[in-house]
Amino acid sequence: TTLRHDIELPNNIPKLLMEKHANYLISYGTNKDEYNYSQTEHMRMSGIYWGLTALDLMGKLEQTNKEEVLEFIGQCQSDSGGISASIQHDPHLLYTLSAVQILCMYDALDVINVDKVVSYVKERQQADGSFVGDQWGEVDVRFSFCAVATLSLLNRLDAIDVEKAVQFVLKCMNFDGGFGSKPGSESHAGLIYCCVGLLSITGHLHLIDADRLGWWLCERQLPSGGLNGRPEKLPDVCYSWWVLSALTILGRLHWIDKKGLVDYILICQDVETGGFSDRPGDMVDPFHTLFGLTALSLLDKNFSLKPINPTYCMPEYIIDRLGLKPSRLD
Ligand SMILES: COc1ccc(S(=O)(=O)N2Cc3cc(-c4ccc(C=O)o4)ccc3N(Cc3cncn3C)C[C@H]2Cc2ccc(O)cc2)cc1
Ligand SMILES: [Zn+2]
């Protein structure tokens, strides 16, 4: 038998400890001198998006300090129009998307100059349709997703060449039906989410081989019930989201063993501190806490979490309020 990296699940599975997760996330943002908080300044804007989205799914958005967050975002928009992870940091498409996602949840897009955000994103598109993340010029299909998701949330997709953006994504498609970060790169669940999400927003899902990609995505499930991101890798809670959101958009969520995956995710909760880790017993963080909760929201509505939109990774009611209809295969 081939040696499979995997983990053993204990037999007592805790239930979803929603109050503990809400307290973990709310206190993460308040005691700013805490070691972990200081280590994530370089991605603070994304960290705020991860925490707020998780709290909104649990019905706790009104317990957050909206004014403080809006003040912070206003200070992070640079003259270029791009938005940075923290004050005085360089702008980047990753944090521009996180900021726009936060402002859509708070219904507060007026705190930034939207036209300048649009020109910053437009200027990142290359002749071959691809996008670079910032002024240093690294191309990655993740940044294509950030660009298209940001502009569609602002209802400004007209600012870029969508057909060329789609052409670049198709160049990243591999023989296994999956997608890598650039043409020729290996398929990876996180990049598959970005490519499927972009094609969902632009209405080009018909260009995907849904059966072949769906099969590759279900191959990510291990005997522990958990999902990995590539063959032979260990399971990790955040891959629950990357794989499940893509399968949901492709109309093949029912191909996964839901019970096994739910048990794996619940075991990754820290029953003392609250929060989710990548694997049982590891350190929790806001990143895995969000993706554990969004996966549970897709898997079972009985967890009394708000529905999550698989394309934008934002609460469904926000996407409805914006009048957005990202496509899905049925
Ligand atoms: C702990 O080591 C890392 C490695 C990469 C990163 S990352 O910024 O490139 N990134 C997001 C990410 C965030 C965290 C984290 C810790 C605390 C917080 C507070 O908000 O967030 C942890 C991991 C992480 N990773 C790394 C990872 C997750 N699972 C497996 N790994 C190796 C993902 C990584 C890439 C990324 C994914 C989505 C996204 O929107 C942005 C970046 C961050 C920490
Ligand atoms: Zn992870």
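Quick caveat: nothing in here was measured; it's all calculated off a predicted structure. Start at 1 and go down the list; that is how both ligands and their atoms are numbered.
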Quick one: does atom 1 (C) of ligand 1 have a protein heavy atom under 4.0 Å from it?
-> no
Among Ile83, Ile112, Thr96, find the residue that satisfies the side-chain contact (heavy atoms from CB on, under 4.5 Å) test when tested with Cys76.
-> Ile83
Nearest protein heavy atom to atom 22 (C) of ligand 1, by residue and atom, and its distance?
-> Asp285 OD2, 3.8 Å
Name the closest protein heavy atom to atom 12 (C) of ligand 1, giving the residue it belongs to and the distance to 0.1 Å.
-> Phe287 CD1, 3.7 Å
Within 4.0 Å of atom 38 (C) of ligand 1 (strictly less), any protein heavy atom?
-> yes
At what distance is the nearest protein heavy atom to atom 44 (C) of ligand 1, and which residue and atom is it?
-> Met43 CE, 4.2 Å
What protein heavy atom sits nearest atom 42 (C) of ligand 1, and how far away is it?
-> Arg142 NH1, 3.9 Å
Please indicate, with yes or no, if any protein heavy atom is found under 4.0 Å from atom 8 (O) of ligand 1?
-> yes
What do you think, any protein heavy atom under 4.0 angstrom from atom 34 (C) of ligand 1?
-> no
Any protein heavy atom under 4.0 Å from atom 26 (C) of ligand 1?
-> no
Metal-centred angle, NE2 of His288 through the Zn ion (ligand 2) to OD2 of Asp236, rounded to 10 degrees | 120°
Region of Trp242 that comes within reach of ligand 1 [heavy atoms, distance under 4.0 Å] | side chain
How far is atom 30 (C) of ligand 1 from its nearest protein heavy atom, and which residue and atom is that?
-> Asp236 OD2, 3.2 Å
How far apart are the C-alpha atoms of Asp90 and Ser84, what are their side-chain angles, what is the distance that settles it, and do they pass the side-chain hydrogen bond (donor to acceptor under 3.5 Å, both in side chains) test?
-> CA-CA 5 Å; Asp90 287 340; Ser84 54; over 6 Å; no
Can you tell me if Ser46 has a non-hydrogen atom under 4.0 Å from ligand 1?
-> no
Write out the residue and atom name of the closest protein heavy atom to atom 40 (O) of ligand 1, then the distance separating them to 0.1 Å.
-> Trp50 CZ2, 3.9 Å
Would atom 5 (C) of ligand 1 count as contacted, meaning some protein heavy atom under 4.0 Å?
-> no
Do protein heavy atoms approach atom 19 (C) of ligand 1 to less than 4.0 Å?
-> yes
Can Asp278 be said to touch ligand 1, with heavy atoms closer than 4.0 Å?
-> no
If you measure from each non-hydrogen atom of His288 to ligand 1, which part falls under 4.0 Å: side chain, backbone, both or neither?
-> side chain
